[in-house]
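Taking it in order: structure first as structure tokens, then the write-up.
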Amino acid sequence: ILGPLLFFLYINDLTNVVKHSDISLYADDSKFYKCIRNNVDTELLQEDICNVVNWCNVWQMKININKSHIFRIGNRFNVSYYMNSCELSNKSIVRDLGVTVEHNLKFHCHCVSLVRKSNYILNNIRLCFKNQSLEFYVNLYCTYVRPILECNTVIFSPFTIQDIDLLEKVQRNFTKYLPGLFNLPYLQRLKMAGLKSLEERRIVGDLILVYKVFNGLVEMNFGDYF
């Protein structure tokens with residue numbers, strides 16, 4: 001299948017026209033970003049937007065204005081930016097590669113979305129399966145539910161008690177449903193089911209990532225973070 005490869009080659013020089021900002025490309029989604037410290041920076045960012053528009057016009061790549069937005073972190077320099085004479089809308093919440101990010105760099109909306117999806121799957125499991133095996137339900141949970149709660153946790157790992165409890169509540173409710181464990185305390189239910197708390201697993205995941213960064217096993221520069 002050559003379509004994706006040919007498309008990458010076609011847009012490969014798009015990064016050359018963005019002179020004053022950093023740019024990231026993923027398939028047909030592009031984003032560029034810049035730290036705005038003064039009015040000159042706002043002008044440079046607008047210049048990069050215009051350069052991208054001109055590049056698209058030359059190479060006959062139509063930009064979908066309705067899917068083009070400004071995502072601002074912080075409250076300073078609240079200026080407008082334009083693309084083809086159309087003002088770009090400001091978004092306080094954006095979804096980037098599966099993670100919902102808020103303008104204050106909190107992830108409450110993302111946690112709520114994960115909980116809603118996880119509970120939906122758990123309800124389907126309860127409706128579809130009638131089994132008295134604890135191991136059977138634990139395997140279903142670890143296969144279909146827990147990966148949803150843990151995907152990208154090194155990025156959005158919740159730091160507020162509200163969000164930590166929100167995610168943990170999914171596993172709390174699941175372990176209550178397990179045969180013979182309803183009246184036991186949560187930690188004892190986890191031990192009987194052979195599970196660890198989601199918070200503990202997130203800590204382990206963070207430590208694994210630090211180990212990989214420290215030993216050069218991922219494309220992240222140790223000096224940029226530590």
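In the displayed structure, E135 atom CD is contacted under 6.0 Å by at most 12 heavy atoms of other residues, nucleotides or ligands. Within 6.0 Å of the CZ atom in F226, the count of heavy atoms belonging to other residues, nucleotides or ligands exceeds 12. Environment of CZ in F214: sparse, with no more than 12 heavy atoms of neighbouring residues, nucleotides or ligands closer than 6.0 Å. Around the CZ atom of F7, the shell of radius 6.0 Å holds more than 12 heavy atoms that belong to other residues, nucleotides or ligands.
The distance from the OG1 atom of T143 to the CD1 atom of I125 is 8.5 Å, given to the nearest 0.5 Å. One distance of note links CD1 of I148 with CD1 of I121; it measures 3.0 Å at 0.5 Å rounding. How far OG of S21 is from CG of L45: 5.0 Å, rounded to the nearest 0.5 Å. Y10 contributes atom OH, which lies 6.0 Å from atom CH2 of W59 (distance to the nearest 0.5 angstrom). Put simply, NZ on K117 and CG on L149 are 10.5 Å apart, with the number rounded to the nearest 0.5 Å. Distance CD1/I36 to CD/E43: 10.5 Å, rounded to 0.5 Å.
For S157, there are no side chain to side chain donor-acceptor pair (under 3.5 Å) partners, not counting sequence neighbours.
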I'd like to know whether T175 forms a side chain to side chain contact (heavy atoms under 4.5 Å, CB included) with M192, so could you lay out the CA-CA distance, the side-chain angles of the two residues, the decisive distance to 0.1 Å, and finally the verdict. CA-CA 9 Å; T175 54; M192 295 288 290; over 6 Å; no
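Using a 4.0 Å cut-off between a side-chain N of Lys or Arg and a carboxylate O of Asp or Glu, R202 and E150 do not qualify as a salt bridge. A salt bridge is absent between R172 and D165: the closest approach of a Lys/Arg side-chain nitrogen to an acidic carboxylate oxygen does not fall below 4.0 angstrom.
At least one donor-acceptor pair under 3.5 Å links the side chain of E168 to the backbone N or O of E199.
The cationic atom of R146 (NZ for Lys, CZ for Arg) does not lie both less than 6.0 Å from the six-membered ring centre of Y141 and within 45° of the ring axis.
The shortest side-chain heavy-atom distance between L195 and C142 falls under the 4.5 Å cut-off. The closest side-chain heavy-atom distance from Y186 to Q171 is below 4.5 Å.
A side-chain N or O of S24 and one of Y33 form a donor-acceptor pair less than 3.5 Å apart.
Residues L88 and S68 come closest through the heavy atom pair CD2-O, 3.6 Å.
Under a 4.5 Å side-chain heavy-atom criterion applied to ILVMFWY residues, the cluster that includes I161 comprises that residue alone.
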Just distance, no hydrogens or angles: give the donor-acceptor pairs under 3.5 Å from side chains in residues 103-114, sequence neighbours left out.
{"unit_1": "N104", "atom_1": "OD1", "unit_2": "K106", "atom_2": "N", "d": "3.1"}
{"unit_1": "H108", "atom_1": "ND1", "unit_2": "D163", "atom_2": "OD1", "d": "2.6"}
{"unit_1": "H110", "atom_1": "ND1", "unit_2": "T100", "atom_2": "N", "d": "3.2"}

